[in-house]
Asks: 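Starting off with a structure, shown below.
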Amino acid sequence: MALPIDPSAISLHNTLRRGAAPLKLREPGKVSIYWCGPTTYDVAHVGHARSAVALDLLVRVLRAAGLEVRSVRNVTDVDDKILARAKESGEEPTALSARMAALYQEDMAALGCETPTVEPRVSEHIPQILAIIETLIAKGSAYVVAGEPSEAGEAGKDVYFRVRAFDGYGKLSGRKLDELESGARVEADARKEDPLDFALWKGCANDAWGWDSPWGKGRPGWHIECSAMSAEYLGYGMDIHGGGMDLIFPHHENEIAQSEAAHAGEGDFATCWTHHGFINVDKEKMSKSLGNFVTVRDVLARNDAEALRLFLVSHHYRGPLGFDVDKLEDGRVVFPAIDEAERKVDYLYTTLARVDAMTVAATPGELTGDYAKANKELDALRKEAFDALADDLNAARTVAAMYRVAAVINEMVDLHGRKKGDRAPIARIIGKAAHVLREIADVLGVLRTPANRYRERSRERRLRVLGLDAAKIQGLVQARTDARAAKDWAAADTIRAELTRLGIEIYDGAGGTGWEVKI
RNA sequence: GGUGAGGUAGCCAAGUGGUUAGGCAAUGGUUUGCAAAACCAUCAUACGCGGGUUCGAAUCCCGUCCUCACCUCCA
């Protein structure tokens, strides 16, 4: 079977060029990606999930095009915020960041994100960081100054990057040096040659959290880790570098400056810069500093992980994404958009379950009339689904096509029950449609469990959230079944009303009465 | 002030020059003891506002209003 995506058809928005461009690879058939990961001082929120899902989607799309992907996503485990948080709790900074990193990896795995090829930590790459800083000093791109004195005692020296010595500064973010200088909120620091210069290494007191260096004890500046670790695992230069839009300036701008200065004459640091949009709560960016964040764990306590994943891939990765939080009268917090996405996940799994429940053995023969039309529609939907992904990861379009495929399946399953004479062609269409649905879901990273397992885990979780007991529901359903057997419709309907009030939905099928917990 | 993103039907959300994106909600229908689910149909001649270009504009151009983000840490 042909690959669903033609690698030469893939185009991505490149921040550096301010527009979409066909994917260009340094080595045919292989893609290298560096993605800026989290600073691990707290549990991951929905914004981190969006970032991880954007990377995962990118990787899946590239793989669907037959490309070999090598992805690196850093864990920033050395940072002032980690230190500050650790001081509050009395925990060792390294222990805190390691604990948070483990939680992050757990959460992202729950969202169906594959583990990147390498997830390097800053604390384990200090030698590489020191080496690149020394190179920058040797090339005249960086300079050493006396450390900031502190009451804790003698501090190591600082190293700063000489921004004005790098020609292309501002090329990613579209900023001009003089504008930056004039609009500067950068605090003046007499030790710096220029206010725009940024730290590669910050000295600290001998008894503080840090590492030994040629400039005394200290910690790396924020940006240098990515220059050092990307070179370590991808070599200098990469095909795609990505992260959140807030990183364009200064983080990525500085990464470019450091890396290209250290590797002058070796070409661009990254060919394509990919940046995703934010999650907004009440139109404001979800962020830790604003305190308006919802953690992934908060969401997973109420909703299925696949609902959050579907919600995320239902929107284009570069646009803003509103995340609503509602408070119910009983004080429970709900996420209406995620609930809606979960109902769609229910729908998709129910669709697959209906296919599972029937035998759709392929039988040979020509499809004619409406069946030929349905078959053609499926081909068109499959093409649309994958074309959309090749077009700057437009997964929202892919999701739309996926719903249409599910509708075809349901339509055919209904028909299968009614048009007994046409069962062979109908079964063929269903078999093909189910295959297409799974193929699309795979690249989106949804529908990863067998339908019956999904149903069980959803029921369990929803009962827990509502504080209900399955045995009690079972009893009410049985009582209603008995009333129905006695044709006591009034009694049966009273029980149903009670179940509805509790949040239980029932359905009478050929094999008896089933029930679901509503989300 | 500079830079960037965005404003599309009741709501969410694709679409960057010409044929129904999709979903939610609502209404009608098929089905059902009645329902639920599923399917079909309607809602939908929508594109912040004002000009302009064009046979034709949500889409291009000019102007303008509004929202958000970045310029300090942020996914």
Side-chain angles (χ1 to χ4, degrees), chain A residues 15 18 35-39 41 44-55 73 76 79-81 84 170 173-176 178-187 222 242-251 253 275-280 282-290 293 310-311 314-316 318-322 324 336-337 339-341 343-344 346-347 350-351 354 384 388 391 394-404 406-415 417-418 484 487-490 492-493 496-497 499-500 504-509 513-516 518:
Chain A
T15 307
R18 254 131 244 158
W35 201 263
C36 284
T39 301
Y41 67 100
H45 64 232
V46 178
H48 297 107
R50 188 180 200 193
S51 181
V53 167
L55 169 63
R73 183 179 60 206
T76 300
D79 179 274
D80 287 353
K81 289 189 294 296
S173 57
R175 285 163 163 81
K176 296 184 181 71
D178 297 332
E179 283 162 1
L180 279 169
E181 193 107 40
S182 60
R185 280 196 262 166
V186 190
E187 79 290 356
W222 174 33
M245 275 177 179
D246 49 354
L247 299 179
I248 296 172
F249 190 90
H251 184 56
E253 195 71 64
H275 292 101
H276 65 263
F278 307 118
I279 302 281
N280 291 150
D282 290 332
K283 296 201 165 182
E284 276 190 315
K285 176 182 160 187
M286 179 185 286
S287 72
K288 288 180 185 169
S289 38
L290 281 172
F293 61 90
L310 182 66
F311 169 75
S314 295
H315 301 75
H316 190 95
R318 283 194 295 109
L321 210 185
D324 299 334
D339 284 354
E340 187 184 320
R343 282 180 218 111
K344 294 312 291 183
D346 279 5
Y347 167 78
T350 303
T351 301
R354 294 178 84 189
E384 160 64 11
D391 179 12
N394 198 333
R397 261 169 67 197
T398 306
V399 170
M402 180 171 69
Y403 291 152
R404 291 297 314 150
V408 169
I409 294 176
N410 282 307
E411 190 186 340
M412 288 298 150
V413 171
D414 282 2
L415 226 49
R418 274 184 280 129
R484 288 182 78 226
K487 295 215 188 301
D488 185 352
W489 306 125
D493 290 352
R496 183 171 60 199
L499 284 162
T500 304
I504 306 297
E505 201 164 73
I506 56 168
Y507 48 93
D508 301 318
T513 297
W515 57 276
E516 296 285 351
K518 278 190 283 192

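Note that the structure is predicted; figures quoted are calculated from it, not measured. As a basis for the values below, the full set of heavy atoms in this structure was taken, side chains included, without hydrogen atoms, waters or symmetry mates. Letters go in sequence order (proteins before strands), and every chain restarts at 1.
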Asks: Only pairs with both distances under 3.5 Å count, Watson-Crick or wobble alike; so what is the partner of G33(B) in this structure?
Replies: none

Asks: With the sugar-phosphate defined as primed atoms, P, OP1 and OP2, and the base as all remaining atoms, what B/S/- string results for nucleotides 4-15 of chain B, 5' to 3', for protein heavy atoms under 4.0 Å?
Replies: --------SSSS

Asks: How far does OG of S287(A) sit from CZ of F278(A), to the nearest 0.5 angstrom?
Replies: 9.5 Å

Asks: Quote, to the nearest angstrom, the P distance that separates G63(B) from U27(B).
Replies: 47 Å

Asks: Here's a test of your reading of the structure: between K344(A) and P38(A), which maps to the more 5' nucleotide of RNA chain B?
Replies: K344(A)

Asks: Could you give the distance separating A5(B) and U20(B) at their P atoms, to the nearest angstrom?
Replies: 31 Å

Asks: Contact class for H45(A) vs. all strands (heavy atom < 4.0 Å): base, sugar-phosphate, or nothing?
Replies: base

Asks: With a 3.5 Å limit on both atom pairs, tell me what U42(B) is paired to, counting Watson-Crick and G-U wobble, or say none.
Replies: A26(B)

Asks: Students often get this wrong, so: under 4.0 angstrom with heavy atoms, is T15(A) touching a base, only sugar-phosphate, or nothing?
Replies: nothing

Asks: Can you tell me the base-pairing partner of C68(B)? Count Watson-Crick or G-U wobble geometry only, both distances below 3.5 Å, and say none if there is no partner.
Replies: G4(B)

Asks: Suppose we call a contact any N or O donor and acceptor under 3.5 Å apart; does that hold for the side chain of D178(A) and the base of G2(B)?
Replies: no

Asks: For the atom pair CD1 (I279(A)) and NE2 (H45(A)), what is the distance rounded to the nearest 0.5 Å?
Replies: 8.0 Å

Asks: Using only modelled atom types and a 3.5 angstrom limit, is any donor from either the side chain of R343(A) or the base of C24(B) paired with an acceptor on the other?
Replies: no

Asks: Work out how far the C1' atom of G50(B) is from that of U42(B), and round it to whole angstrom.
Replies: 35 Å

Asks: Between atom CD of E340(A) and atom CZ of F311(A), what is the distance when rounded to the nearest 0.5 Å?
Replies: 9.5 Å

Asks: Can you work out whether K176(A) or G277(A) has the more 5'-proximal nearest nucleotide on RNA chain B?
Replies: K176(A)

Asks: On the 0 to 90° scale, with breaks at 30° and 60°, tag the Y347(A)-Y403(A) ring pair as parallel, tilted or perpendicular.
Replies: perpendicular

Asks: Both distances below 3.5 Å, Watson-Crick or wobble geometry, any strand: find the nucleotide opposite U20(B).
Replies: none

Asks: Nearest 0.5 Å please: distance from the OG1 atom of T350(A) over to the CD1 atom of I409(A).
Replies: 12.0 Å

Asks: Quote, to the nearest angstrom, the C1' distance that separates U16(B) from U30(B).
Replies: 40 Å

Asks: Looking at OG1 of T513(A) and CZ of R496(A), how far apart are the two atoms once the value is rounded to the nearest 0.5 Å?
Replies: 10.0 Å

Asks: Please tell me if K285(A) has a side-chain N or O lying less than 4.0 Å from either OP1 or OP2 of C70(B).
Replies: yes

Asks: Classify the nucleic acid contact of I279(A) as base, sugar-phosphate or nothing, counting any heavy atom under 4.0 Å across all strands shown.
Replies: base

Asks: Nearest 0.5 Å please: distance from the CG atom of L415(A) over to the CG atom of N410(A).
Replies: 12.0 Å

Asks: Between A9(B) and C49(B), how far apart are the two P atoms, rounded to whole Å?
Replies: 10 Å

Asks: Could I get a table of every N or O pair under 3.5 Å where one atom is in the protein and the other is in nucleotides 36-39 of chain B?
Replies:
| residue | atom | partner | partner atom | Å |
| --- | --- | --- | --- | --- |
| A36(B) | O2' | E505(A) | OE1 | 3.2 |
| A38(B) | O3' | N410(A) | ND2 | 3.4 |
| A38(B) | O2' | R354(A) | NH1 | 2.9 |
| A38(B) | O2' | D414(A) | OD2 | 3.3 |
| C39(B) | OP1 | Y347(A) | OH | 2.5 |
| C39(B) | O4' | D414(A) | OD2 | 3.2 |

Asks: Check whether E384(A) reaches the backbone of A401(A) with its side chain - one donor and one acceptor, N or O, closer than 3.5 Å.
Replies: no

Asks: Which one, C34(B), G33(B), G22(B), comes nearest to the side chain of R496(A)?
Replies: C34(B)

Asks: Do the side chains of K176(A) and D178(A) get close enough for a salt bridge, i.e. N-O under 4.0 angstrom?
Replies: no

Asks: Does K518(A) come within less than 4.0 Å of D346(A), counting only side-chain N to carboxylate O?
Replies: no

Asks: Using the P atom in both, what is the distance from U32(B) to A26(B), to the nearest Å?
Replies: 23 Å

Asks: With P as the reference atom in both, quote the distance from G48(B) to A41(B) in angstrom, rounded to an integer.
Replies: 29 Å

Asks: Sub-3.5 Å donor-acceptor pair from the side chain of H276(A) to the main-chain atoms of M245(A), do we have one?
Replies: no

Asks: Under 4.0 angstrom, heavy atoms only, what part of the nucleic acid is R175(A) near: base, sugar-phosphate, or nothing?
Replies: base

Asks: What's G47(A) touching, base or sugar-phosphate or nothing? Going by heavy atoms closer than 4.0 Å.
Replies: base

Asks: In whole Å, measure the gap between the C1' atoms of A44(B) and A21(B) for me.
Replies: 13 Å

